[in-house]
Each structure stands twice: as structure tokens, then as C-alpha cells.
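Here is the naming used below: chain letters follow the sequence lines, and residue numbers restart at 1 for every chain.
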Number of protein chains: 2
Amino acid sequence: MPAARKKNLPPVSEEALTLIASWFRTLAEPSRLKIRRAREEGAKNITELVTATGLTQANVSRHVQSLVDAGMVGRRREGLTAICFIADPSITELCDNVCNNLLKRLSQQVKKLGGA
Amino acid sequence: MPAARKKNLPPVSEEALTLIASWFRTLAEPSRLKIRRAREEGAKNITELVTATGLTQANVSRHVQSLVDAGMVGRRREGLTAICFIADPSITELCDNVCNNLLKRLSQQVKKLGGA
DNA sequence: CTGCTATATGAGTATAAGATCATACAGTTG
DNA sequence: CAACTGTATGATCTTATACTCATATAGCAG
């Protein structure tokens with residue numbers, strides 16, 4: 001049956017693609033990656049995230065909102081402060097994997113260019 | 001030792017964050033996700049990707065370039081046509097995982113809102 | 001109540017990036 | 001050589017979004 005070359009995966013709707021894309025978009029900002037990492041290093045509330053990242057308060061607040069919307073971190077008010085917590089720990093592993101993949105790929109490029 | 005609350009992860013440079021972010025950004029476009037999937041379903045060259053996705057030829061060409069830059073797909077000229085191939089198969093698994101995560105999270109939200 | 005602190009948010013601006021059109025380029029065919 | 005095909009790309013427009021500033025909101029202290 002040489003004609004049946006095409007894999008027939010279940011169709012993915014436009015809306016699903018949009019949703020998945022916006023999830024990836026949340027991770028497509030250095031500032032948000034920085035915030036996520038700062039949270040992992042111990043910074044819990046907005047002020048701590050501000051000092052840890054060097055971003056402005058308004059900026060951190062908005063980015064945290066994005067992360068919350070994506071379900072990656074959670075946030076609860078405790079008195080005056082807003083406590084952030086990791087809601088999806090798998091993101092950490094994902095970022096590490098991506099980082100390692102990039103390192104691997106880039107070092108291969110370095111090797112290829114090595115003799116030039 | 002109650003003072004040592006802070007996890008000390010290795011520092012990540014701004015450039016590394018930018019690199020990781022741009023990798024994620026490549027997956028943050030419905031059109032690119034669509035192209036990637038079309039390639040997986042059997043569409044190999046640009047023309048086939050155009051008909052499979054409904055995007056314009058110029059559009060597909062540019063998006064494929066992005067995917068190549070990110071190391072996700074490869075491309076080689078064969079005569080007149082440009083053959084695309086999956087360069088990083090792990091992307092497929094990643095997308096499936098994200099998709100399942102979103103489904104899980106959204107269905108939980110539906111449950112929460114169910115009585116309202 | 002009056003401040004003071006922590007956070008959120010509206011408005012405005014700047015920049016990045018996708019879509020489209022036209023066209024250039026490369027390889028094939030006659 | 002000319003004509004045609006498949007692909008890439010410059011120019012332009014448009015939209016999305018990150019950043020900043022100022023201000024609003026909410027809780028606490030006096």
C-alpha cells in the first residue's frame with residue numbers, strides 16, 4: 001500500500017492552535033522567564049520579585065498576571081502582599097530541557113564553525 | 001538553619017533568557033504550529049504546506065524559515081522545490097503534552113463553573 | 001479619620017512581528 | 001535563448017504587546 005503515505009492525525013481546530021500558541025507565548029518573554037526563575041529561587045511576593053529581577057513593580061505585576069492566566073503560577077493575597085507560588089512545576093523541567101537543547105545545538109554550530 | 005531558605009540555582013544570563021524566550025516564541029504562533037503539524041501529516045515542500053494550511057506561499061516560506069532558525073525543522077533544496085523535514089521530533093511530544101495540560105486545566109475550570 | 005505600604009491598572013508610547021503584494025532568484029523545460 | 005515553476009525576500013501596513021508613568025485600590029498603623 002504505497003499510496004497511504006499520509007499520517008492521519010486527529011484534526012486540531014484553529015481555536016486549539018491559538019490556545020496552545022498563547023500558552024507558549026507566555027514563556028516567550030525573557031522577563032517572565034526571569035520572574036518564574038526568581039520565584040523558584042525564593043522570591044515570593046511582588047516586591048521581592050521586583051528586587052530580584054530589577055524590573056519595575058508595574059511590569060512584574062502584569063507579567064505575574066500573564067503567568068497566572070496561563071496557569072503556570074498561582075497568586076493569593078495575604079494582607080497587603082500578594083504571594084506567588086508555582087502552580088505547574090513541570091514548567092521548570094521544560095525550561096531546563098529547552099535550555100539544554102539549545103546548548104547542545106549551539107555547541108554543535110560552534111563545532112561546525114570551529115575551523116573557519 | 002532557618003535562614004537558608006533560598007535555593008541557589010546557577011545564574012542564567014540575560015542572553016540565555018532571550019535565547020530560550022525566542023525558542024518558545026517560535027512555537028507561539030498558530031500558523032507555525034499548523035505548518036509543523038502539516039509537515040507531520042505528510043506535506044513535505046512549501047507548495048504542499050501552502051495547500052495543507054491555507055496560508056499564502058510567502059507566509060509559509062517565512063514561517064518555515066523561523067522553524068529552521070529555531071532548529072525545529074530542516075530544509076534542503078531539491079531542484080525547484082524545498083523539502084522540509086522534522087529536525088527535532090521531541091517538539092511533537094512537547095506539543096501533545098501542552099495540549100493535554102491545557103485540556104486538563106480547562107476542563108477543571110469548566111467543572112468549577114459547572115453549577116453557575 | 002490620616003497617612004503609609006503593597007499591588008493593580010488605565011493611558012500613552014514604542015517596538016516587534018505577522019500578513020500581503022510585488023518582485024527577485026534559481027532551476028527546469030522547450 | 002525564452003518561458004515557466006517553486007521559493008525567497010524587500011517594502012509596506014497593521015496589529016499586538018511590553019514598558020513606563022501616574023494613579024487607583026486595598027489593607028494596615030497611628
In B/S/- notation (B base, S sugar-phosphate only, - none; protein heavy atoms under 4.0 Å), nucleotides 24-30 of chain D written 5' to 3' is --BBS--

Donor-acceptor pair, [X] side chain versus [Y] backbone, under 3.5 Å?
{"X": "Arg76(B)", "Y": "Phe85(B)", "result": "no"}
{"X": "Thr53(B)", "Y": "Leu49(B)", "result": "yes"}
{"X": "Ser22(B)", "Y": "Arg25(B)", "result": "no"}
{"X": "Thr81(B)", "Y": "Arg77(B)", "result": "no"}
{"X": "Asn59(B)", "Y": "Leu55(B)", "result": "no"}
{"X": "Arg32(A)", "Y": "Thr26(A)", "result": "yes"}

Give me the residues of [range] where at least one heavy atom lies under 4.0 Å from an atom of DNA chain D, by number, or none.
{"range": "residues 64-74 of chain B", "result": "none"}
{"range": "residues 15-26 of chain B", "result": "none"}
{"range": "residues 28-35 of chain A", "result": "Glu29(A), Ser31(A), Arg32(A)"}
{"range": "residues 50-59 of chain B", "result": "Gln57(B), Ala58(B)"}

- prompt: Can Glu14(A) and Lys34(B) be said to form a salt bridge (Lys or Arg N to Asp or Glu O under 4.0 Å), step by step?
  reply: CA-CA 9 Å; Glu14(A) 297 282 336; Lys34(B) 205 186 220 175; 2.6 Å; yes

Is the closest side-chain donor-acceptor distance between Gln65(A) and Asp69(A) under 3.5 Å?
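Side-chain D/A pair, Gln65(A) to Asp69(A): present.
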
* Which part of the nucleic acid does Thr81(A) contact within heavy-atom distance under 4.0 Å: base, sugar-phosphate only, or nothing? ->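 Counting heavy atoms under 4.0 Å across all strands, the contact made by Thr81(A) is with sugar-phosphate only.
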
### Message
Let me spell it out: for each of Glu48(B) and Arg62(B), pick the nucleotide of DNA chain D with the closest heavy atom. Which residue's pick is nearer the 5' end?
### Response
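Upstream on the strand: Glu48(B).
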
Kindly indicate whether the side chain of [X], heavy atoms from C-beta on, has any atom under 4.5 Å from the side chain of [Y].
{"X": "Val50(A)", "Y": "Thr56(A)", "answer": "no"}
{"X": "Glu93(A)", "Y": "Asn97(A)", "answer": "yes"}
{"X": "Phe24(B)", "Y": "Leu94(A)", "answer": "yes"}
{"X": "Leu27(B)", "Y": "Ile91(B)", "answer": "yes"}
{"X": "Asn45(B)", "Y": "Cys84(B)", "answer": "no"}

When rounded to the nearest 0.5 angstrom, what is the spacing between [atom1] in [X] and [atom2] in [Y]?
{"X": "Ile46(A)", "Y": "Thr51(A)", "atom1": "CD1", "atom2": "OG1", "result": "11.0 Å"}
{"X": "Ile86(A)", "Y": "Leu67(A)", "atom1": "CD1", "atom2": "CG", "result": "8.5 Å"}
{"X": "Asp88(A)", "Y": "Met72(A)", "atom1": "CG", "atom2": "CE", "result": "7.5 Å"}

*Glu40(B) pairs by salt bridge (Lys or Arg N to Asp or Glu O under 4.0 Å) with which of Arg36(B), Lys44(B), Arg37(B)?*
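Exactly one candidate clears the test, Arg36(B).
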
Is a salt bridge present between Arg39(A) and Glu41(A), judged by a nitrogen-to-oxygen distance below 4.0 Å?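 Judged by the 4.0 Å cut-off on N to carboxylate O distance, Arg39(A) and Glu41(A) do not form a salt bridge.
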
**Prompt:** Is any side-chain nitrogen or oxygen of His63(A) closer than 4.0 Å to OP1 or OP2 of dC19(D)?
**Reply:**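 It does, given that an N or O in the side chain of His63(A) lies less than 4.0 Å from OP1 or OP2 of dC19(D).
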
task: Go through DNA chain C in 5' to 3' direction and return only the first and the last nucleotide with some atom under 4.0 Å of chain A's heavy atoms.
output: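 Result: dT5(C) to dA11(C).
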
